[in-house]
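Below: one structure, written as C-alpha cells.
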Amino acid sequence: MIEFKQVCKTYPNGVAGLKNIDLSIHKGEFLVIVGLSGAGKSTLLRSINRLHEITSGEILIDGKSITTAKGEKLRMMRRDIGMIFQSFNLVKRSTVLRNVLSGRVAYHSTLRTLLGMFPEKDVQLALQALERVNIKEKAYTRADQLSGGQQQRVSIARALAQEAKIILADEPVASLDPLTTKQVMDDLKRINQELGITTVVNLHDIDLAREYATRIIGMRAGEIVFDGTVQEATDET
Ligand code: ADP
Ligand code: ADP
C-alpha cells in the first residue's frame, strides 16, 4: 500500500536523513519503526505525506506516486493520511469537538466550514470518533484542560474523523507516563484491528514495539538495519 523506491533525503546542511530506502508497507499492518534519536525515523514517516520532501526516489501509495502529485491530486492523497505528533498539535483554546472537526476540513471548501461551522453529519462523525477512543464526554471541554493522554486520544479521533486510511504516528507516547502510554497504544492498536487502518508508529522503546507491532523496522543512520516480525526481533536479543 505504501512503497518506497530508492528513497534518499539529504537535508540542506548535508546530513543524510534517508539513504536509499526500499520498503513496502502492507495494508492493515501495524508497523513500528524503532531506532535511536537521529536514526531517521521521523524523516521516513514525514516523507510519506510530504511533510518532508525527499531528495530522490519515489513513494507510491496504492500504486500512485505522492512524490509527483500536485494540487488537488496531492490534497486528495493527503486526506487519506492522518498524522499524530508527540506534542498532540491541538488548538489548545478550542473545544475537543472543534479540534476533531478540523479533521473534516479537507472535505469542504465552503466559507461556512472555513469559519468553523460544519454540517451536522460531520458533527456526528466527530462524536463517533470520540466515542471510539472513549472520550466523548469531553467533547465540549477545552483541549488544554485535558491530560496529555486524553489530548493524544483527541488527536487520534481527529484522524478518524478525517476517515484516514493510513495513520502516521511520530513518537505518539514519548511525552506520556507508562499507564497513559498503554492507553494510547491500545487505542491505536484497536483502531488498526477494528477499522483495518494501516498504522506506522515511530517509537524509541523496543519493548513497546514488541508488545504492539505486527512488524518491526529498525533504523540507524538513515538506513533500515532490521526488518522482521516481532518473533524475529525477540530472537535477536
Ligand atoms: P529520528 O526521528 O530517528 O530521531 P530524524 O529523522 O529526526 O531522526 O533525523 C535524522 C537525521 O536528520 C538526524 O541526523 C537529524 O539531525 C537530521 N535532521 C532532521 N531534521 C533536520 C533538518 N530539518 N535539518 C537538518 N538536519 C535534520
Ligand atoms: P463557540 O462558537 O463559542 O465555539 P457555540 O455555542 O457556537 O460556541 O458552540 C459550542 C461548541 O459546539 C463549539 O465549540 C463546537 O465544539 C460545537 N459544535 C456543535 N455543533 C457544531 C457545528 N455544526 N460546527 C462546529 N462546531 C459545532
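The figures that follow rest on heavy atoms only: side chains count, while hydrogens, waters and symmetry mates do not. As the structure lists them, so they are numbered: ligands from 1, and atoms in each ligand from 1. By convention here, the first residue in the shown sequence is residue 1.
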Which atoms from ligand 1 have a heavy atom of [X] less than 4.0 Å away?
X: Ser42; result: 1 (P), 2 (O), 6 (O), 7 (O)
X: Ala39; result: 1 (P), 3 (O), 8 (O)
X: Asn13; result: 25 (C), 26 (N)

Sidechain N-carboxylate O distance under 4.0 Å for Glu53, Lys9: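 Not counted as a salt bridge, because no side-chain N and carboxylate O are separated by less than 4.0 Å.
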
Protein heavy atom under 4.0 Å of atom 6 (O) of ligand 1: yes

Selected option - heavy-atom contact closest to atom 11 (C) of ligand 1, from Ala221, Gly222, Gly38: Gly38

Pick from Thr43, Ile33, Leu36: the one approaching atom 9 (O) of ligand 1 most closely through a non-hydrogen atom: Thr43

Nearest-0.5 Å distance, CD of residue Glu3 to CD1 of residue Ile25: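 The distance works out to 10.0 Å.
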
Atom pair CG (Leu74) and OG (Ser65), whose distance is rounded to the nearest 0.5 Å: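 Going from the CG atom of Leu74 to the OG atom of Ser65 covers 10.0 Å.
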
Parallel, tilted or perpendicular, as decided by the 30° and 60° cut-offs, for the rings of Phe30 and Tyr212: tilted

Minimum-distance protein heavy atom relative to [atom]:
atom: atom 24 (N) of ligand 1; answer: Tyr11 CD2, 3.4 Å
atom: atom 15 (C) of ligand 1; answer: Val15 CG1, 4.6 Å
atom: atom 8 (O) of ligand 1; answer: Gly40 N, 3.0 Å

Contact with ligand 1 for Ser37, non-hydrogen, under 4.0 angstrom: yes

Ligand 1-proximal atoms of Leu44, by part, heavy-atom distance under 4.0 Å: neither

Hphob cluster co-occupancy, Ile61 + Ile84, side-chain heavy atoms under 4.5 angstrom: no

same_hphob_cluster(Val96, Leu160) at 4.5 Å side-chain heavy-atom cutoff: yes

Taking every non-hydrogen atom, the tightest pair across Ser155 and Phe88: CB-O, 3.8 Å

Residues Gln124 and Glu120: side-chain donor-acceptor under 3.5 angstrom: yes

